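Here is the structure we will look at, set down as structure tokens.
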Amino acid sequence: MTRIYNFSAGPAALPEEVLAQAQAEMLDWHGAGLSVMEMSHRGKEFMSIAEQAETDLRELLRIPSNFKVLFLQGGATSQFAMIPMNLIGRTGKADYFRTGSWSKKAINEASRYGSVRISADTEVEGKFTSVPASDAVSVSPDAAYLHYTPNETIEGVEFPYVPETGAVPLVADMSSTILSRPLDVSRFGLIYAGAQKNIGPAGLTIVILREDLLHTPLDGTPTMFSYATHAESGSMYNTPPTYGWYLAGLVFKWLLANGGLAEMAEVNRRKAQLLYEAIDASGFYSNPVDPFCRSWMNVPFTLADAELDAEFLKQAGEAGLKTLKGHRSVGGMRASIYNAMPEQGVGALVDFMAEFERTRG
Ligand SMILES: *Cc1c(COP(=O)(O)O)cnc(C)c1O
């Protein structure tokens with residue numbers, strides 16, 4: 001068996017140890033005589049899996065006790081609607097930062113439920129390569145919340161700070177950055193993330209929200225789209241994504257066994273630095289993002305001659321370096337280097353890039 005280095009933005013690589021453990025437990029979980037996929041979500045075996053996963057996530061992120069953790073379906077994209085449906089009602093207004101492709105989608109959806117003010121917009125000539133300076137952000141005092149995207153997965157732009165919003169709840173789409181480094185959850189009102197980047201398999205969505213934000217849904221909000229429904233039922237109002245929940249739990253255990261988020265941050269910082277330094281030192285590769293807000297997780301880069309893109313991807317693939325094609329809206333390449341990407345993988349990519357530049361650049 002040869003495993004590739006998978007630089008996919010999502011669904012993304014999972015830690016090999018986690019996949020091996022899931023394989024070992026596939027037919028018979030801990031002597032229960034069945035697979036986790038076959039368990040009742042209300043039975044004592046799955047309840048123990050679910051509770052342990054939440055306990056471990058709370059430990060990793062030091063989630064305060066006045067926050068609920070929800071294990072939902074529907075992806076981050078469903079949250080684009082669920083957030084305004086549940087939160088915008090208090091004042092009818094919300095502030096949004098417009099910093100890239102994902103925040104644009106969140107804004108479009110929220111506009112259907114209330115009045116959206118764009119309180120920061122970093123688009124320049126159709127491109128997003130920066131974030132607002134921390135002292136330049138303003139919040140409307142009557143906003144029900146401020147929404148932002150800490151890491152724009154497509155553009156590779158990441159906030160190096162958490163915006164200060166005073167009493168206005170801060171809402172963050174952390175799909176591609178959650179668990180990449182320690183986080184002060186108490187600064188936020190709500191954090192959400194689709195699992196398939198840095199948590200587990202697609203199909204699971206995690207929402208972490210402050211309890212006082214639970215009870216203001218708009219009239220007509222479907223039962224399944226109300227946070228209170230899921231908070232009050234322990235995310236078991238209907239059948240939750242049980243296998244994804246279990247695998248996420250294995251990933252949380254893997255993170256804890258490998259030094260937690262402080263250690264992840266160190267490794268992720270080193271991986272990103274290695275790749276950006278290689279790009280900046282070359283006259284052949286380039287990354288357009290302002291150096292102060294370059295993403296640790298998604299690194300887009302272009303070749304000096306786009307005619308060579310196909311050849312780059314072909315040779316990289318032959319070297320076991322896969323899924324490096326950039327998003328169609330940005331072009332070029334994108335290397336997603338989430339927690340599960342080992343340092344050796346980034347090393348192999350940097351070596352390959354140097355060799356390609358030497359022979360074809
Ligand atoms: C991938 C991604 C999404 C979309 O997630 P789905 O789970 O496919 O809905 C939203 N926001 C960000 C920042 C993402 O990276």
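Counting starts at 1 for both ligands and their atoms, in listed order. Because the structure is a prediction, the values reported are computed rather than measured.
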Exercise. Is a side-chain donor-acceptor pair under 3.5 Å present for N268 with K271?
Worked result: yes
For this session: Would you mind telling me which of L72, I83, N86 makes a side-chain contact (heavy atoms from CB on, under 4.5 Å) with V207?
Result: L72
Problem set entry | side-chain hydrogen bond (donor to acceptor under 3.5 Å, both in side chains) partners of H327, counting only residues at least two apart | S329
Seminar exercise, completed: atom 9 (O) of ligand 1 sits nearest the protein heavy atom T77 OG1, 2.5 Å
Exercise. Do F46 and H41 make the cut of ring centroids closer than 6.0 angstrom?
Worked result: no
For this session: Distance to 0.1 Å, residue and atom name: give those for the protein heavy atom nearest to atom 11 (N) of ligand 1.
Result: D173 OD2, 2.6 Å
Please tabulate, for the side chains in residues 165-176, all donor-acceptor contacts under 3.5 angstrom to protein atoms that are two or more places apart in sequence or on a different chain.
{"from": "T165", "atom 1": "OG1", "to": "V168", "atom 2": "O", "distance (Å)": "2.7"}
{"from": "D173", "atom 1": "OD1", "to": "S175", "atom 2": "N", "distance (Å)": "3.1"}
{"from": "D173", "atom 1": "OD1", "to": "S175", "atom 2": "OG", "distance (Å)": "2.7"}
{"from": "S175", "atom 1": "OG", "to": "G194", "atom 2": "N", "distance (Å)": "3.3"}
{"from": "S176", "atom 1": "OG", "to": "N151", "atom 2": "O", "distance (Å)": "3.2"}
{"from": "S176", "atom 1": "OG", "to": "N151", "atom 2": "ND2", "distance (Å)": "2.8"}
{"from": "S176", "atom 1": "OG", "to": "T153", "atom 2": "OG1", "distance (Å)": "2.7"}

For this session: Say whether Q196 and ligand 1 are in contact under the criterion: heavy-atom distance to a ligand atom below 4.0 Å.
Result: yes
Problem set entry | Shortest protein heavy-atom distance from atom 15 (O) of ligand 1, along with the residue and atom involved | T153 OG1, 2.4 Å
Exercise. Of the protein's non-hydrogen atoms, which lies at the shortest distance from atom 5 (O) of ligand 1, and what is that distance?
Worked result: A76 CB, 3.5 Å
Exercise. Starting from atom 14 (C) of ligand 1, which protein heavy atom do you reach first, and at what distance in Å?
Worked result: K197 NZ, 2.9 Å
Exercise. Counting heavy atoms only, which part of S175 comes closer than 4.0 Å to ligand 1: side chain, backbone, both or neither?
Worked result: side chain
Exercise. Does an N or O from G75, backbone or side chain, lie closer than 3.5 Å to an N or O of ligand 1?
Worked result: no
Exercise. Do S186 and D184 have side-chain N/O donor and acceptor atoms under 3.5 Å apart?
Worked result: yes
